[in-house]
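First comes the structure, then the notes that go with it.
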Amino acid sequence: MPQDFNLGADALPKQYSPKDAESRIYQMWLDGGYFHARVNPDKKPFCIVIPPPNVTGQLHLGHAFDETLQDVLTRFKRMQGFEALWLPGTDHAGIATQAKVEEQLRSEGTSRHELGREKFLERVWAWKEKYGSKIVEQIKKLGASCDWERERFTMDEGCSHAVREVFVNLYEKGLIYKGSRIINLCPKCATALSDAEVDHIEEDGHFWHLRYPVYGSGGVSSDNATDYANAPGAEFVTVATTRPETMLGDSAVAVNPEDERYTHLVGKTLVLPLTNRKIPVIADEYVDREFGTGCVKITPAHDPNDFEVGKRHSLPEILILTPTAVVTGGTRYDGLPRFDARKQILADLEAQGLLIKTEEHRHAVGHCSRCNETVEPMVSEQWFVKMEPLAAKSLDCVDNGGIKFVPERFVKTFDNWMNSARDWCISRQLWWGHRIPAWYCEKCGKITVSREDPTECSHCGSHEIKQDEDVLDTWFSSALWPFSTLGWPEKTPELEYFYPTSVLVTGYDILFFWVARMIFSGLEQMGERPFETVLFHGLIRDEQGRKMSKSLGNGVDPLEVIDEYGADALRFNIITGNSPGNDMRYFPARCEAMRNFANKIWNASRFVLLNLTVSDVTLPPESELRAEDKWILTKLHDTIAEVLTNFDVLELGIAANSLYDFIWTGFCDWYIELVKPRLMSEDAAEKQSCERVLLYVLTHLLKALHPFMPFITEYVWQQLPAVDGVIMTQEYPEADKIPRFPEDARRFDAVRDAISAIRTRRAEMNVPQKMQPSLLIETNSPEDFTAGIAQIKKLAGISEITVSSTAPSETAGYAVIATAAAKLYLPLAELVDLAEERARLSREIAAAEKNLAGVEGKLSNEQFMSKAPDSVVQKERDRLAELTTLIENLKSALSRT
RNA sequence: GGGAGCAUAGCUCAGUUGGUUAGAGCACCUGCUUUACACGCAGGGGGUCACAGGUUCGAGUCCUGUUGUUCCCACCA
């Protein structure tokens, strides 16, 4: 044990200052190698892989939440004797990281294209080296017990190897394919996105009604749409669109086959304005007759539905936008950015009399989840993962309980998504990421996909091959995280031992991005689920319930909070009062409360240490245990049992709350106060037995609390005499090993009730602290009270106590208090107002009788008696007895007043 | 359009499979140099558990509906 932590009892300051302690303690843990987990056949494994934060990211409260939960679980399991591995690492975060470096290049007046791919990647790696360790250092400040020796990065050699293997494997199985499909393009990021990376946001837009002339109608035989505009008999179809610029790529107009208004037009030819291209009118079920004009312009290259329609009718796909959303395709609008083109096209159509109506229209528009730019759906050659077979396996696993979701309701969310997931677009037109291991042959045009970089085309043997320029979606590599980090595709002992991992802890916001993809990847590659349980948590919001965001400036820096209140306070704030899957608001005031709690523990420990003359952490024999000892031990037992139960169901907030309540109310407010008379007594044996109980309870609560508040518990532990090593490797308390005396505990409540009742009465009657009246206790169970004489005196401010089975002969000038077990007589002379006493007693009688009536009602109800479980009936019987004596006591007190 | 959550004290939230008198923190009121702690101690006020039905011996808890609110998914041009 490092000596410098033990300050000696004399030197313990009144206030705990986490700032001094935390970094030194963390270093001590690191030096001791306590976070390192190894393959250990003698122990059961427990493993959590961290949701890897972005390598260039900054720690925010969301991370703090996520990582605190993981650390609590890991520390708990470690103390329970599991070989607990919390495997840390970071994510290369393709778009985000590349964007940051590109921004830096811009400020230097250059660009990635000017630099070239190789030089650019060097820059990103340099950036990663510089900033990648920052977030790791920040996570350490939280007290995270990660096995840093196993830290991974999604683009390190091993992960890259795993990515390569999975890609080739899926390609060989036909589950990865290259194809021309409608994808979402972010013009700003200039890359394809997956569906999951598009946010649909309601926006006010317009619905423009355009007229397309029917070729040859009205006796006009012109190829030019404008010639029809003013021709008297010319016929038109009117289409409504929210993106008029896409009309440049129209290849048909569709109507519903059942729509009589238009049946005569089906098969006719239209002249597409501005381009004067001829397009057909087709009939397709897809068209909703009720919506818009009932005529839909079909742009197969720029709309997912139109794409499908186009396929059905073999329509040409006419691409009219570049990857940066500039018009292309050989019209006079070429070169115009999409929204400029929109304006120009509308103006031109209007001038030609072909724009006939503009409506306000609210609709959902896709935005890039990274940069918020409006995305452009367009047809493009990309790589896809075929979802159907993977989804089927995943649904089978999750729906049959193969992976447990906490809370369970997310299974439904998962199912909904999996059931409707379209193929996953995995190629990105970026440079930072895992480059797609596909080579194109210049000669035969075929694709070579290979585990090793090929030197020749696998089809024709040509050496003229070129690797695909694109990289993979970042989530492709994170999807492999639970096994790639354990060494897969090598058959490592770690993989064998720790896979499947135990719990995955993450926010529900990345269920689709990450959790779902890990599930199908694990099932597909490992043939086994990647984790047994997923614990979902919510978002941390600000005091007003808003999302924390840069633009609002309402973000809270966890490091500042740690600096001010300590990591333990932040952790406890986050853990308590939150249940799985729910969002929570962050209140700085709660951190203060938890800081106070840490200080409470500190001072309780100080109290114990300052009084300590023994170093025995075992309990004295039962014969030496006093009533209050049995009471606190029983409470400790029950608390530990409750904590363990809640750990089992991952209700960490409830577990933490039970400990808070036990420590503050049970241990500090009651037990320590109750024990003070004994500690001050001359009787050495009495004093020592009491010290041993104090020390026993203190060590237990410290251990029980350690997963939640690792720093202060460790710090105090280091002050205790005769303890070995560090607290974080101690055995977690087991309820069964803590003795329990429920009957004694219940009887001791007579003493606590008396103390509380006297205190309340004193407050009501404004009896000053200095005034220490004597007390006469009239009771049928005097032995329950004689055990607590000294305690009642000290805690209720009483000078002398007489315990008797009979009432005093003269009760004038006495305040009489009735409890369930006794009548308490306090000679308070002139302080006593008889009329007030009578009124109060009458009120109490009325209240008690009302309760009694309820209890009697139940007990006389045959249905209740026959159907309610015995324990519930017994509770009611006890309650009946208690209320009956209470009422007797109150009535006899009243009759004497 | 589909799905999910939430509605409990002035505020923020707990309340595990239905079972005494519904809890905590903060805020509020009263008193306290009680030899661990004022980051404290003791006492106190404050809730028709959104509303309406239903199931049950018993409902904050389960069911149905209503209202309000939040979120997720979705290709109505």
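Letters A, B, ... mirror the listed sequences (proteins, then strands); counts begin at 1. Owing to the predicted nature of the structure, the values given are computational and were not obtained by experimental measurement.
Between Met680(A) and Asp195(A), the residue anchored closer to the 5' end of RNA chain B is Met680(A), taking for each the nucleotide with the nearest heavy atom. Residue whose closest nucleotide on RNA chain B sits further toward the 5' end, between Glu764(A) and Lys867(A): Glu764(A).
Judged by a 6.0 Å distance limit and a 45° cone about the ring axis, Lys600(A) is not positioned over the six-membered ring of Tyr16(A).
Taking the six-membered ring where the residue is Trp, the centroids of His537(A) and Tyr508(A) are separated by 6.0 Å or more. With ring centers used as reference points, Phe662(A) lies 6.0 Å or more from Tyr671(A).
Atom-to-atom, CD of Gln772(A) to C1' of A42(B) comes out at 14 Å; the value is rounded to the nearest Å. As a whole-Å value, the separation of Met765(A) CE from G31(B) C1' is 15 Å. For the pair Phe410(A) CZ and G5(B) C1', the computed distance is 8 Å after rounding to whole Å. If you take CG of Asp878(A) and P of U21(B), they are 14 Å apart, rounded to a whole angstrom. In this entry the distance linking CH2 of Trp514(A) with P of C72(B) reads 20 Å, nearest Å. The separation between Arg409(A) atom CZ and C72(B) atom P is 14 Å, rounded to whole Å.
Here the separation of G53(B) from C29(B), taken at their P atoms, is 40 Å to the nearest Å. Annotation: U64(B) and U55(B) have their P atoms spaced 15 Å apart (nearest Å). Taking atom C1' on both G45(B) and G31(B), the two are 15 Å apart, rounded to the nearest angstrom. Across the P atoms, G43(B) and U48(B) are found 25 Å apart, a figure rounded to whole Å. Comparing the same atom, C1', in G54(B) and in G47(B) gives a spacing of 25 Å after rounding to whole Å.
Residue contacts for Asp306(A): at a heavy-atom cut-off of 4.0 Å it reaches no nucleic acid atom on any strand shown. Ala604(A) comes within contact range of at least one nucleobase, with a heavy-atom separation under 4.0 Å. Ile672(A) comes within 4.0 angstrom of a base, heavy atoms only. Looking at heavy-atom distances under 4.0 Å, Lys14(A) makes contact with sugar-phosphate atoms alone, never a base. Residue contacts shown for Asp288(A) include a base, since a base heavy atom lies under 4.0 Å away. Using a 4.0 Å heavy-atom distance criterion, Glu673(A) is classed as a base contact.
Of the candidates C76(B), G19(B), A42(B), the closest approach to any side-chain atom of Phe291(A) belongs to C76(B). Considering only the side chain of Arg606(A), C37(B) comes nearest among C37(B), C57(B), U16(B). Distances from the side chain of Phe587(A) to the nucleotides U12(B), U20(B), A77(B) place U12(B) closest. The nucleotide whose nearest atom lies closest to any side-chain atom of Lys412(A) is, among A77(B), G3(B), G15(B), G3(B).
If you check distances only, the side chain of Asn305(A) does reach the base of C75(B) with a donor-acceptor pair under 3.5 Å.
For C41(B), the OP1/OP2 oxygens have a side-chain nitrogen or oxygen of Trp664(A) closer than 4.0 Å. Dashed line: the shortest gap from a side-chain N or O of Asn582(A) to OP1 or OP2 of C6(B) is not under 4.0 Å. For C13(B), the OP1/OP2 oxygens have a side-chain nitrogen or oxygen of Arg585(A) closer than 4.0 Å.
Between Phe410(A) and Phe536(A), the angle of the ring planes lies from 30° to 60°, which puts this pair in the tilted group.
In summary, Arg422(A) and Asp195(A) engage in a salt bridge, as defined by a charged side-chain N under 4.0 Å from a carboxylate O.
Ser369(A) places no side-chain N or O within 3.5 Å of a backbone atom of Asp199(A) that could act as its donor or acceptor partner.
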